[in-house]
Amino acid sequence: MSSAASPPTPVGVVVMAYGTPASADDIEPYYTHIRRGRPPEPEQLADLTMRYAALGGTSSLARRTRDQVEAITTALEERCPGRFRVVLGQKHAAPFVEDAAATLAAEGIDGTVGLVLAPHYAGFSVGIYQGRLAEAVTGAGGRHVGIDTWADEPAWLDFTATTVTDALAALPAGAKVVFTAHSLPERVLVGDPYPAQLAASARAIAERAGLASWGAWGLAWQSAGRTPEPWRGPDILEVIRDLAETGRATGLLVCAQGFVTDHLEVRYDLDIEARSVAEEVGLAFARTRTVDADPAVMGALADRVVAAARALGP
Ligand code: FEC
């Protein structure tokens, strides 16, 4: 008589990303979701629609996120065949974080690791993703462990340093590297580790790229919301004008270290808006390529998932 043991239940992995409208018709509900249920004013909607139109109608974020999820799934399967069940959960577009948790619960999966496709922790960003996932998973009787940050990940720091070195080679001598990340309202940054994590990873990337410690690189913020309250600065557009006015650089290389792929905030705010300000003030401009589904970085994230899953037990 043979009694085949049933395979162990896999560990769930929810890979979380921002989400993007699938079509022009989805822009309004997407924007309303970002605004926590308050529909945008007509001018705000027109402005966002114009920015997506400038990219050809939609952002490539959805496709690029899918590629990243696939690469992480493949890397996990190579490391631990059959152990993980990976699903995508998004902040502002379907499939939402809660949909991902429901999928795993319906499959009888009890332990879930949450990984956000953003390196640095801010309570208002990664904290919200992980909080929503934890609530959905524990609400269905499961257990959740979240990876809060991976901004000290050597594979990512190395990848980004290489992109800096490669892109600098095409700029004139005397160009400055400016590391950017999404701005947040000052109100939510009180006591938050986000600015310090960004400063630390910028320094680590600059060191790896062999940039002189003073004068060769700096920090700026981008994509601040269109709200009356103060957002963290200086904004990249101000920094570009200041570099030109003070003659402190011949050009600039923007390294958008807070983002892992080319999306609206990179392709519009940097490639269109920041580039046009640099051209207007006579500075050379380039930006580094983003990590996308780079196998070494996605593999390192898979290693972090494997390590985090240990907290869920055997
Ligand atoms: O390509 C795309 O279609 C989507 C690109 C996209 C990414 C992204 C990442 C971050 N955001 C963060 C914070 C805020 C805060 C607000 C806010 C608003 C918007 C709007 C759009 C948008 N964000 Fe976003 N963000 C992207 C797109 N974001 C569109 C609404 C119109 C506008 O302001 O441009 C203000 C609303 C609020 O109070 O919530 C704050 C942060 C990130 C980086 C971390 C992450 O990727 O999750 C932080 C991509």
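Since the structure is predicted, the reported quantities are computational estimates derived from the model, not experimental observations.
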**OP:** In sequence, state the C-alpha distance, the side-chain angles, and the governing distance for Glu186 and Glu229, and then conclude on side chain to side chain contact (heavy atoms under 4.5 Å, CB included).
**Re:** CA-CA 8 Å; Glu186 289 291 352; Glu229 65 180 332; over 6 Å; no

Side-chain heavy atoms nearer than 4.5 Å, only ILVMFWY residues, links allowed to pass through others: does that put [X] and [Y] together?
| X | Y | answer |
| --- | --- | --- |
| Leu88 | Phe259 | no |
| Val86 | Phe96 | no |
| Val116 | Leu301 | no |
| Ile128 | Leu117 | no |
| Val254 | Leu171 | no |

Subject >> Between Thr261 and Gln68, a side-chain donor and acceptor under 3.5 Å >> reply: no

Distance-only, no hydrogens or angles: does the [X] side chain make a donor-acceptor pair with backbone N or O of [Y] under 3.5 Å?
| X | Y | value |
| --- | --- | --- |
| Gln257 | Ala181 | no |
| Glu28 | Pro39 | no |
| Trp217 | Arg203 | no |
| Arg143 | Leu312 | yes |
| Asp158 | Ala155 | no |
| Thr149 | His120 | no |
| Glu41 | Glu43 | no |
| Tyr30 | Gly19 | yes |
| Ser59 | His263 | no |
| Glu77 | Gly82 | yes |

Once you round to the nearest 0.5 Å, how far does [atom1] of [X] lie from [atom2] of [Y]?
| X | Y | atom1 | atom2 | answer |
| --- | --- | --- | --- | --- |
| Ile72 | Arg304 | CD1 | CZ | 12.5 Å |
| Asp26 | Thr58 | CG | OG1 | 10.0 Å |
| Thr65 | Arg63 | OG1 | CZ | 10.0 Å |
| Arg187 | Phe124 | CZ | CZ | 5.5 Å |
| Leu48 | Arg226 | CG | CZ | 8.0 Å |
| Ile205 | Phe159 | CD1 | CZ | 11.0 Å |

Are [X] and [Y] side-chain neighbours, meaning at least one heavy-atom pair lies under 4.5 Å?
| X | Y | value |
| --- | --- | --- |
| Thr160 | Cys255 | yes |
| Thr227 | Pro185 | no |
| Val113 | Ile147 | yes |
| Leu115 | Trp150 | yes |
| Val14 | Leu104 | yes |
| Met16 | Arg132 | no |
| Phe84 | Val306 | yes |
| Leu253 | Val164 | yes |

So which heavy atom on [X] is nearest to which on [Y], and how close?
| X | Y | result |
| --- | --- | --- |
| Asp110 | Gly141 | OD1-O, 3.8 Å |
| Pro119 | Gln197 | O-OE1, 4.5 Å |
| Ile240 | Ala274 | CD1-O, 3.6 Å |
| Ala151 | Leu157 | O-CD2, 3.7 Å |
| Leu252 | Ala278 | CD2-CB, 4.3 Å |
| Ala93 | Gln90 | O-CB, 3.1 Å |

Subject >> Ser223: side chain to side chain contact (heavy atoms under 4.5 Å, CB included) partners, not counting sequence neighbours >> reply: His182, Glu265, Asp269

**OP:** Run the salt-bridge test on Lys176 and Asp242 with the 4.0 Å N-O cut-off and return the result as yes or no.
**Re:** no

Original post:
Is Arg289 salt-bridged to Asp262, going by a charged N under 4.0 Å from an acidic O?
Top reply: no

Subject >> Matching residue for Arg85 among Ile109, Val11, Thr112, Leu76 - test: side-chain contact (heavy atoms from CB on, under 4.5 Å) >> reply: Ile109

**OP:** Evaluate side chain to side chain contact (heavy atoms under 4.5 Å, CB included) for Val305 paired with Val15, printing each intermediate quantity in order.
**Re:** CA-CA 10 Å; Val305 168; Val15 177; over 6 Å; no

Original post:
Do Arg287 and Arg275 pass the side chain to side chain contact (heavy atoms under 4.5 Å, CB included) test, and can you show the C-alpha distance, the side-chain angles, and the key distance before you say yes or no?
Top reply: CA-CA 9 Å; Arg287 69 139 173 113; Arg275 176 180 292 278; 5.7 Å; no

**OP:** Over 60° means perpendicular and under 30° means parallel, so classify the ring planes of Trp221 and Tyr194, tilted if in between.
**Re:** tilted

**OP:** Report the C-alpha distance between Ile27 and Leu45 in whole Å, list the side-chain angles of each, state the deciding distance to 0.1 Å, and finish with yes or no for side chain to side chain contact (heavy atoms under 4.5 Å, CB included).
**Re:** CA-CA 8 Å; Ile27 296 176; Leu45 181 60; 3.9 Å; yes

Report, as yes or no, whether the 6.0 Å neighbourhood of atom [atom1] on [X] holds more than 12 heavy atoms from other residues, nucleotides or ligands.
| X | atom1 | value |
| --- | --- | --- |
| Arg208 | CZ | yes |
| Glu135 | CD | no |
| Glu70 | CD | no |

